[in-house]
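Working notes for the structure below.
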Amino acid sequence: MDVRQLQRQWIDLISALFREGFLDAQFTQLQQLQDESNPDFVVEVVTLFFEDSERLLNDLCNVLSQQVVDFNRVDAHVHQLKGSSASIGAQRVKNVCISFRNCCEERNLEGCFGCLQQVKQEYTLVKGKLEALFGLEQQIVAAGGSLPMM
């Protein structure tokens with residue numbers, strides 16, 4: 001595939017991620033921190049987000065499946081997930097975490113389970129879309145091109 005076509009796909013994908021609310025301005029700021037001295041900065045930070053999120057989601061499943069749910073522990077995990085998603089600009093994940101924290105505050109177990117399913121879904125969606133974006137970036141660079149400026 002031609003480099004220009006790949007670059008066009010990249011622009012279309014990243015534009016859709018912002019338009020559909022998957023990403024916010026924090027992701028743009030993250031991209032601006034990347035330069036020639038650290039060309040994989042965004043991928044590295046987002047990969048850490050993926051690893052951290054997987055652990056937190058597993059922890060949330062475990063804590064919510066206890067006979068007596070410790071809502072303070074649930075809230076602490078959700079707070080961490082909210083912070084890490086906000087730090088990379090994963091807006092939809094962050095927004096679900098806000099609702100999730102409200103359910104924790106209200107000690108609403110049913111609401112917490114609903115939010116857990118929703119946050120898992122939003123996380124899975126943004127992870128797949130970011131992996132596709134990074135895959136396009138690799139193809140562009142491998143074809144001798146550079147990433148378009150947004």
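Below, each value reflects all heavy atoms present in this structure, side chains not excepted, and no hydrogens, waters or symmetry copies. In this text, all values refer to a predicted model and were calculated from it rather than measured experimentally. One is the number of the first residue; the rest follow in order along the sequence.
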Using the side chain to side chain contact (heavy atoms under 4.5 Å, CB included) rule, take Arg8 and Gln5 through it: C-alpha gap first, then chi angles, then the decisive distance, then the call. CA-CA 5 Å; Arg8 182 81 235 148; Gln5 288 176 304; 5.5 Å; no
Apply side chain to side chain contact (heavy atoms under 4.5 Å, CB included) to the pair Asn72 and Asp75, showing each step before the final yes or no. CA-CA 5 Å; Asn72 292 329; Asp75 185 60; 5.6 Å; no
Rounded distance (nearest 0.5 Å) linking atom NZ of Lys127 with atom CD of Glu122: 15.5 Å
Considering non-hydrogen atoms only, spot the tightest contact between Ile140 and Ser146 and give its length. CG2-O, 3.6 Å
Is there a side-chain contact between Phe27 and Ile14, using heavy atoms and a 4.5 Å cut-off? yes
Test side chain to side chain contact (heavy atoms under 4.5 Å, CB included) on Val3 and Gln7; report intermediate values, then the result. CA-CA 6 Å; Val3 171; Gln7 290 170 326; 3.7 Å; yes
Heavy-atom pair of closest approach, residues Ser87 and Leu30: O-CD1, 4.5 Å
Do Leu130 and Ile88 come close enough that some side-chain heavy atom pair is under 4.5 Å? yes
Quick one: does Gln139's side chain get under 4.5 Å of Gln9's, heavy atoms only? no
Any side-chain heavy atom of Gln138 within less than 4.5 Å of one from Leu136? no
Under a 3.5 Å distance rule, please check whether Asp40 uses its side chain to pair with a backbone N or O of Val43 as donor and acceptor. no
Please determine whether residues Val119 and Leu109 belong to a single hydrophobic cluster, defined as Ile, Leu, Val, Met, Phe, Trp and Tyr linked transitively by side-chain heavy-atom distances below 4.5 Å. yes
The reported gap from CD in Glu54 to CZ in Phe49 (rounded to nearest 0.5 angstrom) is 9.5 Å
Let me confirm one number: the OH-CZ distance from Tyr123 to Phe50, rounded to the nearest 0.5 Å. 6.0 Å
So, do Trp10 and Glu137 sit near enough that their side-chain heavy atoms are less than 4.5 Å apart? yes
Minimum heavy-atom distance between Leu64 and Phe100, given as atom pair plus value: CD1-CZ, 4.1 Å
Do the side chains of Val126 and Arg92 get nearer than 4.5 Å, heavy atoms only? no
Please give me the minimum heavy-atom distance between Gln34 and Val42, naming the atom from each residue. OE1-N, 2.9 Å
Drop me the distance from Ser84's OG to Leu48's CG, to the nearest 0.5 angstrom. 10.5 Å
If you take all heavy atoms of Cys61 and Leu116, which pair is closest and at what distance? SG-CD2, 3.9 Å
When you measure from the centre of the six-membered ring of Phe71, is the NZ or CZ of Arg107 closer than 6.0 Å and no more than 45° off the axis? no
Are any of the side-chain heavy atoms of Arg73 and Asp59 separated by less than 4.5 Å? no
May I have the step-by-step check of side chain to side chain contact (heavy atoms under 4.5 Å, CB included) for Lys94 and Asp24, ending in yes or no? CA-CA 10 Å; Lys94 178 192 75 177; Asp24 63 21; 3.8 Å; yes
So, do Cys104 and Cys112 sit near enough that their side-chain heavy atoms are less than 4.5 Å apart? yes
Interatomic distance, CG@Leu13 vs CZ@Phe18, rounded to 0.5 Å, equals 10.5 Å
Return the minimal non-hydrogen interatomic distance between Ala86 and Gln26, and the atom names on each side. O-CG, 3.1 Å
To the nearest 0.5 Å, how far apart are CG in Asp70 and NE2 in His77? 8.5 Å
